[in-house]
Asker: 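A single structure is presented below for examination.
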Amino acid sequence: MKHWKFWLVFACVIAYVFLIEPNILTVERLTFSDDPSVKIAFFADIHIWTKKPLHDRILEKFADEGVDLILFGGDVLAPYTDMEYMESFLSELTAIAPVYAVYGNWEESETTTMQKVYEEVGINVVHANSAKIQISDKKLGLTGTPSHHYFSWTKFLPEDDYDLKILMVHAPNLLEEREDVLKDFDLVLAGHTHGGQFYIPWLTEAILKSTRRFSGDFFRGLYQINGTKVFVTRGVGGWFPGRLASLPELVFIEF
């Protein structure tokens, strides 16, 4: 058979993109204290279609890490979400630790439905709002919002003596233009970009920035702007199945 080597390589690439890489769960860690006593988990963009083995591994990892708090950066919905399974997954999530979430762009048109789901499973939504969270001997200040478009009516944190201040925003688009907001936080957590999902250095960022106005400054991974760290996670799911050079990612923050 002619070109069998080509078709073999092609089949291997397809298998890797759609079967292997989407199930490789990676971990990133951030530390904000020399003697940390609190551990937070952050993840985003799970885009639940139906039950997947990766979902169980996410729950197991959070439980094994003994996290004190879970932050979800938005986009739990997908084009065809199994709502019953989604509620089951979220219920298991809240059984591990308290959960705080922001709405992603996939939830913006379904906020009434998602507000009800989150209330039923016990997830706290910080929608253009803030919360003081006491965890053991540490005080966390958390502000949540879907994107920079909401900053003008977001209720930001009051002055207080926080051990860590986090801004959780679903989309990092153009955040680099809002240093006036970022400077008041130790850490900004974001998702939305999926790290490109199908990532080719330089090319993926250029295409996404030109077509959907993704911020090229904050696209994937860790950045720093003045004294504020910004972390954009690659997420753990996708609105379209498959990943290339953009492994699913959980983030653990200790302070």
Side-chain angles (χ1 to χ4, degrees), residues 24-46 54-74 89-90 92-102 122-126 129-145 154 156-170 172 175 179 181-193 195 218-236 247-255:
I24 300 174
L25 190 61
T26 62
V27 167
E28 293 292 334
R29 298 184 186 274
L30 304 173
T31 304
F32 289 84
S33 172
D34 293 330
D35 186 24
S37 60
V38 173
K39 183 182 291 187
I40 299 171
F42 170 64
F43 74 117
D45 304 290
I46 192 169
L54 182 70
H55 299 160
D56 289 334
R57 289 168 52 212
I58 291 170
L59 296 171
E60 289 168 5
K61 185 62 177 175
F62 288 162
D64 289 347
E65 289 279 339
V67 297
D68 301 290
L69 185 73
I70 299 171
L71 302 179
F72 177 60
F89 173 84
L90 295 175
E92 291 187 67
L93 191 68
T94 57
I96 297 170
V99 180
Y100 285 75
V102 295
I123 289 178
N124 306 282
V125 179
V126 278
N129 209 342
S130 297
K132 292 182 183 179
I133 307 169
Q134 189 72 38
I135 311 172
S136 183
D137 61 332
K138 300 290 179 69
K139 183 185 292 184
L140 171 69
L142 175 67
T143 297
T145 181
T154 293
F156 288 98
L157 287 164
E159 289 293 327
D160 205 341
D161 186 19
Y162 301 98
D163 293 286
L164 186 68
K165 295 204 299 184
I166 294 177
L167 171 62
M168 181 166 59
V169 53
H170 174 66
L175 282 182
E179 289 187 47
V181 172
L182 304 192
K183 67 180 177 61
D184 293 327
F185 293 89
D186 303 298
L187 175 64
V188 178
L189 296 172
H192 185 55
T193 68
F218 303 141
F219 181 67
R220 55 188 273 162
L222 182 64
Y223 305 85
Q224 183 148 332
I225 180 167
N226 296 322
T228 302
K229 287 183 169 61
V230 179
F231 193 93
V232 183
T233 180
R234 298 186 298 267
V236 294
L247 296 165
E249 177 178 61
L250 303 178
V251 184
F252 294 99
I253 303 116
E254 294 186 83
F255 71 101

Asker: Would you name the heavy atoms of V236 and P248 that are closest together and state the gap between them?
Answerer: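 For V236 and P248, the tightest heavy-atom pair comes out as CA-CB, 3.9 Å.
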Asker: Output all residues satisfying salt bridge (charged side-chain N to carboxylate O under 4.0 Å, His left out) with D56, sequence neighbours left out; order by chain, then residue number.
Answerer: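 Partners of D56 under the salt bridge (charged side-chain N to carboxylate O under 4.0 Å, His left out) test: K51.
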Asker: To the closest 0.5 Å, what do you measure between CG (L54) and CD (E60)?
Answerer: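 L54 CG to E60 CD: 10.5 Å, rounded to 0.5 Å.
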Asker: Please evaluate residues L164 and I253 with respect to the criterion side-chain contact (heavy atoms from CB on, under 4.5 Å), reporting the C-alpha separation (whole Å), side-chain torsions for both, the decisive distance (0.1 Å), and the verdict.
Answerer: CA-CA 10 Å; L164 186 68; I253 303 116; 4.1 Å; yes
Asker: Among residues two or more places apart or on two chains, list those pairs meeting salt bridge (Lys or Arg N to Asp or Glu O under 4.0 Å) that have a residue in residues 130-142.
Answerer: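 Non-adjacent pairs meeting salt bridge (Lys or Arg N to Asp or Glu O under 4.0 Å): K132-D160, K139-D160.
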Asker: Under the ring pair (Phe, Tyr, Trp, His ring centres under 6.0 Å) rule, collect the residues that match up with F185, sequence neighbours excluded.
Answerer: none
Asker: Sub-3.5 Å donor-acceptor pair from the side chain of R234 to the main-chain atoms of L247, do we have one?
Answerer: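 Side chain of R234 to backbone of L247: a pair is present.
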Asker: Just wondering, do V102 and V169 contact through their side chains at under 4.5 Å, heavy atoms?
Answerer: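 V169 does not reach V102 side chain to side chain.
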Asker: Specify the closest pair of heavy atoms between G195 and R220, including all atoms of both residues, with the distance to one decimal.
Answerer: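 G195 and R220 have their closest heavy atoms at O-NH1, 2.6 Å.
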Asker: Taking the side chain as C-beta and beyond, is there a heavy-atom pair between T154 and V181 under 4.5 Å?
Answerer: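 No - every pair of side-chain heavy atoms lies 4.5 Å or more apart.
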Asker: For A131, what residues pass the side-chain contact (heavy atoms from CB on, under 4.5 Å) criterion, not counting sequence neighbours?
Answerer: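 A131 satisfies side-chain contact (heavy atoms from CB on, under 4.5 Å) with Y100, V126, I133 once adjacent residues are dropped.
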Asker: Is the closest side-chain heavy-atom distance between T233 and E28 below 4.5 Å?
Answerer: no
Asker: Look up atom CG in L157 and atom CG in N129, then write down how far apart they are to the nearest 0.5 Å.
Answerer: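 Answer for the CG-CG pair, L157 versus N129, is 9.5 Å.
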Asker: Which residues pass the side-chain hydrogen bond (donor to acceptor under 3.5 Å, both in side chains) test with N124, sequence neighbours left out?
Answerer: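 With sequence neighbours excluded, N124 shows a side-chain hydrogen bond (donor to acceptor under 3.5 Å, both in side chains) to no residue whatsoever.
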Asker: Please report the interatomic distance OG(S37) to CG(D163), rounded to the nearest 0.5 Å.
Answerer: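 One finds 8.0 Å between OG of S37 and CG of D163.
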Asker: For Q134, look at atom CD and say whether over 12 heavy atoms of other residues, nucleotides or ligands are found less than 6.0 Å away.
Answerer: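 Check passes, neighbour count above 12.
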Asker: So, using side-chain hydrogen bond (donor to acceptor under 3.5 Å, both in side chains) as the criterion, who are the partners of E179 when residues are at least two apart?
Answerer: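 E179 satisfies side-chain hydrogen bond (donor to acceptor under 3.5 Å, both in side chains) with N226 once adjacent residues are dropped.
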Asker: Under a 4.5 Å cut-off applied to non-hydrogen side-chain atoms, are I135 and L69 in contact?
Answerer: yes
Asker: Do I46 and F89 come close enough that some side-chain heavy atom pair is under 4.5 Å?
Answerer: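 They are in contact (side-chain heavy atoms under 4.5 Å apart), so the answer is yes.
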Asker: Going by the rule side-chain hydrogen bond (donor to acceptor under 3.5 Å, both in side chains), which residues pair with K61 if we only count those two or more places apart in sequence or in a different chain?
Answerer: E65
Asker: Who pairs with V232 by side-chain contact (heavy atoms from CB on, under 4.5 Å), at least two apart in sequence or on another chain?
Answerer: P172, A190, T193, F218, Y223, V230
Asker: Would you indicate whether the side-chain heavy atoms of T228 and L167 approach each other to under 4.5 Å?
Answerer: no
Asker: Applying ring pair (Phe, Tyr, Trp, His ring centres under 6.0 Å), name anything that partners F255, two or more places apart in sequence or on another chain.
Answerer: none
Asker: Within a strict 4.5 Å, meaning less than it, do heavy atoms of the I40 and L71 side chains meet?
Answerer: yes
Asker: Kindly write out the residues that satisfy side-chain hydrogen bond (donor to acceptor under 3.5 Å, both in side chains) with T143, not counting sequence neighbours, or none if the list is empty.
Answerer: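 T143 satisfies side-chain hydrogen bond (donor to acceptor under 3.5 Å, both in side chains) with S130 only.
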Asker: Who pairs with V99 by side-chain contact (heavy atoms from CB on, under 4.5 Å), at least two apart in sequence or on another chain?
Answerer: I70, L93, T94, I123
Asker: Measuring from T145:OG1 to F156:CZ, what's the distance to the nearest 0.5 Å?
Answerer: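 With rounding to 0.5 Å, OG1 (T145) is 7.0 Å from CZ (F156).
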Asker: Could you grab the distance from atom CZ of F231 to atom CD of Q224, nearest 0.5 Å is fine?
Answerer: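 Rounded to the nearest 0.5 Å, the CZ-CD separation comes to 13.5 Å.
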Asker: Supply the atom-to-atom distance L189 CG to K229 NZ, rounded to the nearest 0.5 angstrom.
Answerer: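 Between L189 CG and K229 NZ, I get 12.0 Å after rounding to 0.5 Å.
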Asker: Between F43 and F62, is the ring centroid distance below 6.0 Å?
Answerer: yes
Asker: Within the distance-only criterion (no hydrogens, no angle test), does the side chain of K165 pair as donor or acceptor with the backbone N or O of D184 below 3.5 angstrom?
Answerer: yes
